[in-house]
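Here's the structure we're looking at; comments come further down.
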Amino acid sequence: MGKSVQKISEHVSLIASKNTWIEGLAIQQLIKTSELNGMQRVAGMPDLHPGRGYPIGAAFFTTNKIYPALVGNDIGCGMSLWQTSAKVSKVNLDKLAKKFEHVELPLDDSWLAIIQSRKAAKNITVNGHDRTLGTIGGGNHFAEFQAIDEIYNQAALDELGLNKKHLQLLVHSGSRGLGQSILVDHIAKYNHDGLCESDLGFNDYMNKHDEAVRFAELNRELIAMRFLEAIRANGECSLDINHNLVSPKNIDGCDGWLHRKGATPSDKGYVVIPGSRGDYSYLVKPILAELNDDNSAMLENINTSLFSLAHGAGRKWQRGECHGRLGHKYKREDLYRTALGSRVVCGNKELLYDEAPQAYKKCETVISDMVDAGLIEVVAKLSPILTFKTNGDCSS
DNA sequence: ATGTCC
């Protein structure tokens, strides 16, 4: 179990076995970030990869101050899983792939009432970004129909109300332009110095941050609703977990702030760790310290992992270099089907290559690292059926 | 990541 937790320094750990490939630059960024003022502990997840200055796939625990730049621009980004009323056995891939022509446009006026009531219910008062509600965005964001492929813990699946016969819908998106504007405003005022709890801007950022988290949750809800509408099905949300956020947390008896950047919380119940569009995703049950207080080694792992897990398989290749690496071998048409037989809807050429399965690690290695570290139990394996990225501009 | 950078 200890083999998949690497101690990089006194307060920097990496949840990954020696065999799991992690880019050197990402480790450098992890160490650099650990040297920030007030930083108590840093934990890299097995999907750690380089970001813009700060790594992605990591959790950062500070006391007395927060670093909004560590959360990044996509405040509240996360994953939600919906069970649809549609049956897997009735899926016709050709027909299914054609049902999403309008899903990336702003929601039309027929959604106005539901948007207003859901905003009010979630205490979202910010205006000016409503046009992005219900839209997926770019990068690694997606909406993916999946089937439960293999079950390892039927009781857990029952607890979640999940049925193998039903088509599942996994949504990965965030707060779109809202989170971006909050970070840009913050950096313009405070640079990368972070904010002490006593600073005037602290509560202002945290209030805006918390609202952006709720906005991102609502965005995923509306994306799910419009995809369900597109296939004329009903659905129920099984889980919704944010992986980009900062929240108060007591760790090892110490009150502080836990920043998660591409790090899935392990203290919020069941989570889905998605593979690339050509790989399986895993529904997992985080193992809580309380359940293992008879096992000090496991407890220590849960603490050193900062109550966090990987948020995906992790990039192997940088964005932007994928077209060059794959272009000579794969034509554009080759990328609309995956090795698992699933389909891809993506109208943007660069995105099609950037998010190719080859650009990501095998999700199984990331999962087994966390199993070996005693952090999770795998509940079920989900296979992709149709991944929607964007209808996009087909000329690009 | 971004009503995206040229």
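Numbered from 1 within each chain, the chains take letters A, B, ... in sequence-line order.
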How close or far is atom [atom2] of [N] from atom [atom1] of [X], stated in whole angstroms?
X: A:His141; N: B:dG3; atom1: NE2; atom2: C1'; value: 15 Å
X: A:Leu105; N: B:dG3; atom1: CG; atom2: P; value: 15 Å
X: A:Glu350; N: B:dT2; atom1: CD; atom2: P; value: 17 Å
X: A:Asp130; N: B:dG3; atom1: CG; atom2: P; value: 14 Å
X: A:Arg319; N: B:dT2; atom1: CZ; atom2: P; value: 9 Å
X: A:Leu133; N: B:dT2; atom1: CG; atom2: P; value: 13 Å
X: A:Glu104; N: B:dT4; atom1: CD; atom2: P; value: 14 Å
X: A:Leu183; N: B:dT4; atom1: CG; atom2: P; value: 17 Å

Thinking salt bridges, do A:Glu355 and A:Arg277 make one under a 4.0 Å N-O criterion? no
NZ/NE/NH1/NH2 to OD/OE distance under 4.0 Å, A:Lys331 and A:Glu333: no
A:Tyr152 six-ring centre to A:Lys381 NZ/CZ under 6.0 Å and within 45° of normal: no
Examine the base of B:dG3 for any acceptor or donor lying under 3.5 Å from a partner atom in the side chain of A:Arg176, and report the outcome as yes or no. no
For the hydrophobic clusters of this structure (ILVMFWY residues joined by side-chain heavy atoms under 4.5 Å, transitively), does one cluster hold both A:Leu30 and A:Met45? no
Across the strands shown, which category fits [X] at heavy-atom distances under 4.0 angstrom: base, sugar-phosphate, nothing?
X: A:Gly51; result: nothing
X: A:Gly137; result: sugar-phosphate
X: A:Gly72; result: nothing

